[in-house]
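These figures come from a predicted structure and were not determined experimentally.
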Amino acid sequence: MESIGVLLPIPTSPYLEQELEKRFNLLKLWTAPHKTQFIKDHAASIRAVVGNAFAGADAELIDSLPKLEIVASYSVGIDKVDLKYCKEKGVRVTNTPDVLSDDVADIAIGLTLAVMRRLCESDRYVRSGLWKKGDYKLTTKFTGKTVGIIGLGRIGKAIAKRAEAFSCPIAYFSRTEKPDSKYKYYPTVVELASHCDVLVVACPLTEETRHVINREVIDALGPKGVLINIGRGPHVDEPELVSALLEGRLGGAGLDVYQNEPNVPEQLFGLENVVLLPHVGSATTETRNAMADLVIGNLEAHFLNKPLLTPVV
């Protein structure tokens, strides 16, 4: 398989790059001073693209690679891949589900605790010496609070399982009610938001879920509610979120993803009821290596004419 060209648009995990280089002719697009020319020069040999949460394969890239057979995404989200065009062109698409569900669910619960118990602000309180001048203020209990989850897929279910350990009632919204779920279903996000204390975004990013968190939803969640986003930045109408937090119409937010990463609204930096993470939901050594192994496994399966491990298209 050494002659098979695999295009990597942006830097990724050193482990994945190393494993790709062992098996394929790895072409690192970001190292090329003239990217368009680089793609033209190697178009005849590129049969695979390895994308991630930040870069994938749009129609323009697909059209520029006449030999492209597969896009293997090093992420569970595939919003950076033009799935419809891949289907039209007969290009296979894979992602890395399951292996990252636990880490992302852990982060969702961690963010919730950090916001409600003001963990980051308390840490700064100690480090700055303020504790010597008096105790830190009281915060809000998490145990027993109602947790609403948008998207009851693999990650959503993993979050629900963890929240249940905190004696939290669980409710959810999804495109359709899950007949096998014991959790309370609400047919709209606004209804879900109005009946929960913590609202977690855990659904895929599609045109239907873009800005699923808008002003109406935020106002339904209210000044005591907490929003947690471990999905994708565009799930949230960011200017509306910022204004709601600044005006006190929303109780707090824990964010791992943003509209225009790595740019984060600076108005959020001074708010103690907001916890900001740099898109690290699945960023553990164990999980990222497992994701890389799944990418490699899908590529090898494809080029050996075996069934794909985690096919999307």
[X] atom [atom1], over 12 foreign heavy atoms within 6.0 Å:
{"X": "K141", "atom1": "NZ", "result": "no"}
{"X": "Q37", "atom1": "CD", "result": "yes"}
{"X": "W30", "atom1": "CH2", "result": "yes"}
{"X": "L138", "atom1": "CG", "result": "no"}
{"X": "K80", "atom1": "NZ", "result": "no"}
{"X": "E272", "atom1": "CD", "result": "yes"}

Please identify which of these residues, R124, R117, R118, meets the salt bridge (charged side-chain N to carboxylate O under 4.0 Å, His left out) condition with E121.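 Exactly one candidate clears the test, R124.
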
Do [X] and [Y] have side-chain heavy atoms sitting under 4.5 Å apart?
{"X": "K40", "Y": "H34", "value": "no"}
{"X": "I107", "Y": "D103", "value": "no"}
{"X": "V99", "Y": "D293", "value": "no"}
{"X": "H302", "Y": "R92", "value": "yes"}
{"X": "T96", "Y": "V295", "value": "yes"}
{"X": "L246", "Y": "Q267", "value": "yes"}
{"X": "R288", "Y": "S282", "value": "yes"}
{"X": "T146", "Y": "V198", "value": "no"}

Any chain of hydrophobic side-chain contacts (each under 4.5 Å) joining [X] to [Y]?
{"X": "L271", "Y": "L241", "answer": "yes"}
{"X": "L100", "Y": "L16", "answer": "yes"}
{"X": "L111", "Y": "V274", "answer": "no"}
{"X": "L205", "Y": "L199", "answer": "no"}
{"X": "L250", "Y": "I213", "answer": "yes"}

Test side chain to side chain contact (heavy atoms under 4.5 Å, CB included) on V104 and V76 and set out the steps. CA-CA 11 Å; V104 177; V76 67; over 6 Å; no

Side-chain donor or acceptor of [X] paired with backbone N/O of [Y] under 3.5 Å:
{"X": "D197", "Y": "G225", "value": "no"}
{"X": "T209", "Y": "P204", "value": "yes"}
{"X": "N214", "Y": "V217", "value": "yes"}
{"X": "E17", "Y": "T12", "value": "yes"}
{"X": "Y172", "Y": "K178", "value": "yes"}
{"X": "T287", "Y": "T284", "value": "no"}
{"X": "N298", "Y": "T94", "value": "no"}
{"X": "R47", "Y": "G5", "value": "no"}
{"X": "Y258", "Y": "P278", "value": "no"}
{"X": "R249", "Y": "I218", "value": "no"}

Using the salt bridge (Lys or Arg N to Asp or Glu O under 4.0 Å) rule, take R215 and D237 through it: C-alpha gap first, then chi angles, then the decisive distance, then the call. CA-CA 8 Å; R215 187 183 183 99; D237 185 332; over 6 Å; no

Could you walk me through whether K89 and D63 pass the salt bridge (Lys or Arg N to Asp or Glu O under 4.0 Å) check? CA-CA 9 Å; K89 290 286 191 176; D63 278 339; 3.7 Å; yes

Parallel, tilted or perpendicular: rings of F142 and F166 (30°, 60°):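 The arrangement is tilted - the two ring planes meet at 30° to 60°.
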
Nearest heavy atoms of [X] and [Y], plus distance in Å:
{"X": "A55", "Y": "I10", "answer": "CB-CD1, 3.9 Å"}
{"X": "A158", "Y": "R162", "answer": "O-NH1, 3.0 Å"}
{"X": "I149", "Y": "G156", "answer": "CD1-O, 3.5 Å"}
{"X": "L221", "Y": "C196", "answer": "CD1-O, 3.8 Å"}
{"X": "Y74", "Y": "S13", "answer": "OH-CB, 3.3 Å"}
{"X": "A59", "Y": "D82", "answer": "CB-OD2, 3.9 Å"}

Does the ring center of F38 lie less than 6.0 Å from the ring center of H42?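 Yes, close enough.
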
Please lay out, stage by stage, how Y125 and Y136 fare under the test ring pair (Phe, Tyr, Trp, His ring centres under 6.0 Å). CA-CA 7 Å; Y125 193 81; Y136 189 69; 5.1 Å; yes

Output, in order, the C-alpha distance, side-chain angles, deciding distance and verdict of side chain to side chain contact (heavy atoms under 4.5 Å, CB included) for L227 and V201. CA-CA 8 Å; L227 176 70; V201 184; 4.1 Å; yes

Return the [atom1] to [atom2] distance between [X] and [Y], rounded to the nearest 0.5 Å.
{"X": "C120", "Y": "N273", "atom1": "SG", "atom2": "CG", "result": "12.0 Å"}
{"X": "I39", "Y": "E60", "atom1": "CD1", "atom2": "CD", "result": "8.0 Å"}
{"X": "C203", "Y": "I230", "atom1": "SG", "atom2": "CD1", "result": "8.5 Å"}
{"X": "I46", "Y": "L7", "atom1": "CD1", "atom2": "CG", "result": "4.5 Å"}
{"X": "N52", "Y": "N95", "atom1": "CG", "atom2": "CG", "result": "12.5 Å"}
{"X": "L192", "Y": "T188", "atom1": "CG", "atom2": "OG1", "result": "8.0 Å"}

Please lay out, stage by stage, how Y85 and D58 fare under the test side-chain hydrogen bond (donor to acceptor under 3.5 Å, both in side chains). CA-CA 8 Å; Y85 202 55; D58 57 14; over 6 Å; no

With salt bridge (Lys or Arg N to Asp or Glu O under 4.0 Å) as the rule and sequence neighbours excluded, what pairs involving residues 179-191 come up?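 Of all non-adjacent pairs touching residues 179-191, those that pass salt bridge (Lys or Arg N to Asp or Glu O under 4.0 Å) are E164-K182.
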
Show the numbers, then the answer: is there a salt bridge (Lys or Arg N to Asp or Glu O under 4.0 Å) between R23 and E300? CA-CA 9 Å; R23 296 164 174 81; E300 288 183 330; 2.7 Å; yes

Can you list the steps and then say if I150 with V200 is a side chain to side chain contact (heavy atoms under 4.5 Å, CB included)? CA-CA 6 Å; I150 302 175; V200 185; over 6 Å; no

